[in-house]
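Here is the naming used below: chain letters follow the sequence lines, and residue numbers restart at 1 for every chain. Small disclaimer: the values here were computed from a predicted structure and weren't measured.
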Amino acid sequence: MALVVYNTLTHEKEPFVTIEPGKVRMYVCGPTVYDEAHVGHAMSSIVFDFVRRYLEHQGYQVRHVMNFTDVDDKIIARAAQIGEDPSAIARRYVEQYQEQLSRLNVLQPTVFPRVSQTIPEIVRMVAGLVESDHAYITASGDVYFRVRTDPDYGKLSRRKLADALAGTRVASSEEKLEEEDFALWKAARPGEPSWDSPWGRGRPGWHIECSAMSLHYLGDQIDIHGGGNDLVFPHHENEIAQTECFTGKPFARYWMHNGMLQLKGEKMSKSLGNLVTIDELLAAHDADVFRMIVAGSQYRKPLAFDADVLVDGERALARLRTALRPATGPVTTGPAVDALAGQVRQSRIAFEAAMDDDFNTAGALAALFDLVRAINTARDAGVAAGQSIAPFVELLLTVRLELRKAQQWALADKIRDELKVLGVVVKDTAQGSSWRMD
RNA sequence: GGCGACGUCGCCAAGUGGCAAGGCAGGGGUCUGCAAAACCCCCAUCGCCGGUUCGAAUCCGGCCGUCGCCUCCA
């Protein structure tokens, strides 16, 4: 079985082949840090955590970049509203989100870049786009991307320019040459954060940051670019346009988008006033309950979320955990043992087959629950546990032998001491080390 | 109006051509001093209509419904 991944660009599941064998370059759009993060953000981070963990399980080395948009209109507006410095607000929510991710058991991304720390790379990229005539500078010092210079524009969201503009409800800047052009750089206004650039002081537009960060931390071409499906247009569409016009190469191999978390049938959002923050969630529930809920559904589909779903998740998680209770029976051979071993094999195959199919965590979970039943049945039949630690103890002792050869006595002793705490007594002899359960 | 997605048991939710996974809830048992847990059994023909096919939840067309995007958004 080989992994296939659904690619938003082609609308198809495609075999997963990386640019560099054994390595995955993955960029995932993180939040704009102007307010409390909600469970929708948590869902997205968890989805891509599953992706990363499975890729690593398959032996890939994953370089995972997740950005923070810490320079943005909303942050500035917020700052003005509450009379605080924009960068202080951003810093506060960045730290909060990082701490929440770790509470959600999401693996730390390899790099957490922020716009405010990537300005030189952004300026360099904008300059390059101006130089190649893909962008232009206005009288007031804004820089816009000239969308018409990209013949492929619209390929991700499958929009034609006319379609994209038909529903435009925002008043366009009078300085733009064309309605569809978008800002790469915004000239500074009094009291706003700004940086020097060849076009005067200003700050980056929204889309350019991800392109610049991705380029800087992962190179011209990446394997996976991820985010919520609300980012497909215009954010990711614009990212592709500016990046590919800049590098002349295809940007991301696989575009992955998670579905929106739905609260009572609606997307959860600030404007609808129906959001549940991550802190609220974690105050009332184990993080793994939420991970269970996310895993229970295909990541591209909308995820239903309400009190009932939380109760179900709570119980499903409990069932998974009860399977892990220690087995103390005496049975070590026979049909009950064989049956369990058989189910272990079957579940592993089913689990990987599901995950290989575009990270079908719900299917993988089903395989796990089949294993739960088999484990419980075996325990009821008196099957013993504990035999399986032997290979691990042997492995530790092998490592310890190496340490002793290297005269790393402190570490070698530490392993012996810690094993003793766990009930494994190690005895060193001239013939080597032996061990027994205390 | 345009683009895209979805509609599977009471609830959540897998499944893209061959007799519908899994979790929760529910019913009936086993076990148990009681309770819990666990185990066993039961519980859906897949929004509607038509078409293609030996055969469709799975493909095509139409209809109805829901949702996302088109403006900041995971």
Test ring-ring contact (aromatic ring centres under 6.0 Å, His included) applied to A/Phe182 - qualifying residues, sequence neighbours left out: A/Phe145, A/His207

With sequence neighbours excluded, what pairs up with A/Phe50 under the ring-ring contact (aromatic ring centres under 6.0 Å, His included) test? none

Provide the Watson-Crick or G-U wobble partner of [N], both distances under 3.5 Å; none if there is no partner.
{"N": "B/rA44", "result": "none"}
{"N": "B/rC39", "result": "B/rG29"}
{"N": "B/rA5", "result": "B/rU66"}

Provide, to the nearest angstrom, the distance between the [atom1] atom belonging to [X] and the [atom2] atom belonging to [N].
{"X": "A/Leu263", "N": "B/rU66", "atom1": "CG", "atom2": "P", "answer": "18 Å"}
{"X": "A/Asp358", "N": "B/rU16", "atom1": "CG", "atom2": "P", "answer": "11 Å"}
{"X": "A/His235", "N": "B/rU71", "atom1": "NE2", "atom2": "C1'", "answer": "15 Å"}
{"X": "A/Leu320", "N": "B/rA38", "atom1": "CG", "atom2": "P", "answer": "12 Å"}
{"X": "A/Asn258", "N": "B/rC69", "atom1": "CG", "atom2": "C1'", "answer": "14 Å"}
{"X": "A/Leu303", "N": "B/rC11", "atom1": "CG", "atom2": "C1'", "answer": "14 Å"}
{"X": "A/Gln298", "N": "B/rC12", "atom1": "CD", "atom2": "P", "answer": "17 Å"}

Stepwise, does the side chain to side chain contact (heavy atoms under 4.5 Å, CB included) test hold for A/Met256 with A/Phe359? CA-CA 11 Å; A/Met256 294 181 66; A/Phe359 307 100; 3.8 Å; yes

Taking only heavy atoms on the protein side, list every residue of residues 282-291 of chain A lying under 4.0 Å from any atom of RNA chain B, sorted numerically. none

Using a cut-off of under 3.5 Å, enumerate the N/O to N/O pairs linking the protein to nucleotides 17-26 of chain B.
from: B/rG23; atom 1: OP1; to: A/Arg373; atom 2: NH2; distance (Å): 3.4
from: B/rG23; atom 1: N2; to: A/Asp312; atom 2: OD2; distance (Å): 3.0
from: B/rC24; atom 1: O2'; to: A/Asp312; atom 2: OD1; distance (Å): 2.6
from: B/rA25; atom 1: OP1; to: A/Arg315; atom 2: NH1; distance (Å): 3.3

Students often mix this up, so state it plainly: with edges at 30° and 60°, are the rings of A/His257 and A/Trp255 parallel, tilted or perpendicular? parallel

Classify the ring geometry between A/Phe16 and A/Tyr60 as parallel (under 30°), tilted (30 to 60°) or perpendicular (over 60°). perpendicular

What nucleotide, of [options], holds the atom closest to the side chain of [X]?
{"X": "A/Met43", "options": "B/rA74, B/rU16, B/rA13", "answer": "B/rA74"}
{"X": "A/Arg325", "options": "B/rC70, B/rG15, B/rA37", "answer": "B/rA37"}
{"X": "A/Gln262", "options": "B/rC69, B/rG15, B/rC67", "answer": "B/rC67"}
{"X": "A/Ser44", "options": "B/rC72, B/rA13, B/rA74", "answer": "B/rA74"}

Does a side-chain N or O of A/Ser297 approach OP1 or OP2 of B/rA14 to a distance below 4.0 Å, or not? yes

When you check the phosphate oxygens OP1 and OP2 of B/rG15, does a side-chain N or O of A/Asn360 lie under 4.0 Å from one of them? yes

Under 4.0 Å, heavy atoms only, any strand: does [X] hit a base, just the sugar-phosphate, or nothing?
{"X": "A/Ser45", "answer": "nothing"}
{"X": "A/Asn376", "answer": "sugar-phosphate"}
{"X": "A/Gly154", "answer": "nothing"}
{"X": "A/His11", "answer": "sugar-phosphate"}

Residues [X], [Y]: salt bridge by 4.0 Å N-O rule:
{"X": "A/Glu95", "Y": "A/Arg91", "result": "no"}
{"X": "A/Asp181", "Y": "A/Arg148", "result": "no"}
{"X": "A/Asp73", "Y": "A/Arg78", "result": "no"}
{"X": "A/Asp286", "Y": "A/Arg321", "result": "yes"}

P atom, B/rC60 versus B/rG23: distance in rounded Å? 32 Å

Same-atom distance (C1') from B/rA44 to B/rU8, integer angstrom: 8 Å

How about A/Gln81: does its CD atom have over 12 heavy atoms from other parts shown lying under 6.0 Å from it? yes

Considering residues, nucleotides and ligands other than A/Gln61, do more than 12 of their heavy atoms fall under 6.0 Å from its CD? no

Sub-3.5 Å pairs of nitrogen or oxygen atoms, protein against nucleotides 28-33 of chain B:
none

With hydrogens left out and only the distance checked, is there a donor-acceptor pair under 3.5 Å joining A/Lys301's side chain and the base of B/rC6? no

Residues at least two apart in sequence or cross-chain that pass salt bridge (Lys or Arg N to Asp or Glu O under 4.0 Å) with A/Arg291, listed by chain then number, are A/Asp49

Show your working on side-chain hydrogen bond (donor to acceptor under 3.5 Å, both in side chains) between A/Tyr153 and A/Asn238 and close with a plain yes or no. CA-CA 8 Å; A/Tyr153 191 81; A/Asn238 291 353; 2.4 Å; yes

